[in-house]
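Below, chain A is the first sequence line, B the second, and so on; all start at residue 1.
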2 protein chains.
Amino acid sequence: MSERRADLLHDKIEDLILTGDLAPGDRLDEVSLATRFGVSRTPIREALMQLAATGLIELRPRRGAVVAEVGPKRMVEMFEVMAELEAICARLAARRATPADEERIGAHHRACAAAAAASDEDAYYYENEEFHEAIDAAAHQEFLSEQTRALRRRLKPYRRLQLRSRGRVRNSFDEHEAVVRAILAHDADAAAEAMRAHIVVQGERFTDLLASLEAPRAARAR
Amino acid sequence: MSERRADLLHDKIEDLILTGDLAPGDRLDEVSLATRFGVSRTPIREALMQLAATGLIELRPRRGAVVAEVGPKRMVEMFEVMAELEAICARLAARRATPADEERIGAHHRACAAAAAASDEDAYYYENEEFHEAIDAAAHQEFLSEQTRALRRRLKPYRRLQLRSRGRVRNSFDEHEAVVRAILAHDADAAAEAMRAHIVVQGERFTDLLASLEAPRAARAR
DNA sequence: GTCAACGAAATTGTATACAAGGATTTGTCT
DNA sequence: AGACAAATCCTTGTATACAATTTCGTTGAC
């Protein structure tokens with residue numbers, strides 16, 4: 001779980017994509033990136049391959065790398081898998097959470113409450129992450145946590161944009177409430193179901209998602 | 001899903017590990033690998049990074065790569081996640097399988113039957129893979145299929161060794177039978193449960209797994 | 001005899017040079 | 001004028017050279 005700090009190049013390029021500086025479909029020229037970051041092509045190539053492994057970019061042999069195009073279909077699929085993974089985490093957490101785990105979950109839940117009350121979306125966004133990670137940890141399943149965190153990281157930018165939609169923070173918090181109650185009651189099925197409902201993309205959330213898919217490229221000069 | 005064929009170096013090194021030629025904990029020296037495969041260090045490094053991304057090896061900054069040590073705890077966790085992923089596939093397959101999907105699943109199931117009847121473990125191993133992939137495909141969830149295939153690939157060597165244990169092929173086939181019936185009956189819950197039971201490590205299967213963890217390194221000269 | 005410190009060798013990380021394969025542009029022919 | 005073909009340029013893939021860090025061995029002192 002160390003995610004070696006040394007590899008800041010990986011994160012820098014990732015940021016370029018996550019912030020929308022590089023839009024889906026854009027080519028990632030090795031020499032441009034190399035000159036931009038003041039290094040040679042070698043470390044750039046290594047960073048690109050790592051990013052390709054996570055699915056953020058696509059490597060076409062002899063034809064360079066492009067930012068992965070994520071269509072609505074695939075995006076919904078990713079959220080669907082995410083919902084299942086987090087539901088399993090919640091189920092296990094309901095069964096295996098220690099008092100210390102429960103305390104941590106509760107603390108982050110209260111922090112979410114504060115952020116929601118203050119309508120501080122950025123704070124809520126941050127505490128929301130912590131809340132979900134606390135539940136991951138309470139599941140006491142290292143491998144599952146790693147997979148979940150990896151996918152959560154992959155979906156990060158879309159989640160952030162989703163929270164911007166009207167009333168989403170309030171709804172999100174209410175859903176958290178249901179999850180917390182189920183976990184504290186050690187009701188595994190209820191916890192899983194509440195978490196799945198919290199993550200899954202359905203109804204009006206789908207249109208929010210579509211908007212978030214268009215937003216980054218609309219924000220760019222074309 | 002192309003898994004570019006050009007990258008045979010990746011597969012070659014992977015084979016070295018999967019066949020037990022390189023045991024968990026062994027260091028992967030870049031120059032040794034380079035001379036062994038008759039290439040320079042550059043492509044070796046790239047292959048190593050890809051392998052690190054899949055979790056097969058571990059990259060310690062400035063200290064080289066080692067074959068990932070997979071303890072019993074982590075192994076059980078991986079099978080646990082695998083069971084959940086495959087269960088979701090089965091659930092979706094029960095709901096969304098087309099007649100063509102059902103035919104494919106049936107065909108591979110019958111091929112498994114033939115292999116089991118002939119006590120041909122290698123043939124069963126192969127057809128078992130095909131059977132599971134057919135169910136993946138029937139789920140019609142591309143992203144889920146990718147994740148499932150990736151993890152299945154990661155667990156491949158352990159599965160193979162598991163099948164070697166006595167009576168496992170017969171049991172495996174009976175479990176397949178239950179999965180197929182549930183899918184054909186479009187009973188999503190039953191399909192998920194049957195699949196989960198098929199994959200999950202429990203009871204005597206756990207001891208088989210422990211044996212499979214020791215087998216590769218015992219086979220080596222130490 | 002053991003431990004520590006210094007040094008040398010080996011190994012990883014980075015840069016640069018070279019080779020090979022696409023993509024683009026230009027020129028010619030219809 | 002449009003389309004096809006060929007040649008050039010640009011980009012990726014690979015090799016090699018160099019720098020930096022770690023590790024192992026040796027030597028010395030306690």
For atom [atom1] of [X] and atom [atom2] of [N], their distance in whole Å:
{"X": "B:E58", "N": "C:dT12", "atom1": "CD", "atom2": "P", "result": "15 Å"}
{"X": "B:I44", "N": "C:dT11", "atom1": "CD1", "atom2": "P", "result": "14 Å"}
{"X": "A:Q50", "N": "C:dG13", "atom1": "CD", "atom2": "P", "result": "11 Å"}
{"X": "B:D26", "N": "C:dT11", "atom1": "CG", "atom2": "C1'", "result": "17 Å"}

Exercise. Is the closest side-chain heavy-atom distance between B:F131 and B:D136 below 4.5 Å?
Worked result: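 B:F131 vs B:D136: side chains apart.
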Exercise. OP1 or OP2 of D:dT14 less than 4.0 angstrom from a side-chain nitrogen or oxygen of B:T42, does that happen here?
Worked result: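 Looking at the OP1 and OP2 atoms of D:dT14, neither is under 4.0 Å from any side-chain N or O of B:T42.
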For this session: Return the set of residues passing side-chain contact (heavy atoms from CB on, under 4.5 Å) with A:R63 (not counting sequence neighbours), or none when no residue passes.
Result: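 For A:R63 the side-chain contact (heavy atoms from CB on, under 4.5 Å) partners, ignoring immediate neighbours, are A:R60.
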Exercise. Using 4.0 Å as the upper bound for N to carboxylate O, is an ion pair formed by B:R152 and B:E133?
Worked result: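 Salt bridge present between B:E133 and B:R152.
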For this session: Output yes when B:E142 and A:R74 qualify as a salt bridge under the 4.0 Å nitrogen-oxygen rule, no when they do not.
Result: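 No salt bridge links B:E142 with A:R74.
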For this session: Between protein and nucleotides 5-13 of chain D, map the contacts as a letter string: B base, S sugar-phosphate only, - none, heavy atoms under 4.0 Å, written 5' to 3'.
Result: ------SBB
For this session: With salt bridge (Lys or Arg N to Asp or Glu O under 4.0 Å) as the test, would you mind laying out the steps for B:R159 and B:E86 before giving the verdict?
Result: CA-CA 14 Å; B:R159 277 189 181 228; B:E86 297 248 35; 3.1 Å; yes
Problem set entry | ring-ring contact (aromatic ring centres under 6.0 Å, His included) against A:H108, all qualifying residues, sequence neighbours excluded |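 ring-ring contact (aromatic ring centres under 6.0 Å, His included) check on A:H108 returns nothing, list empty.
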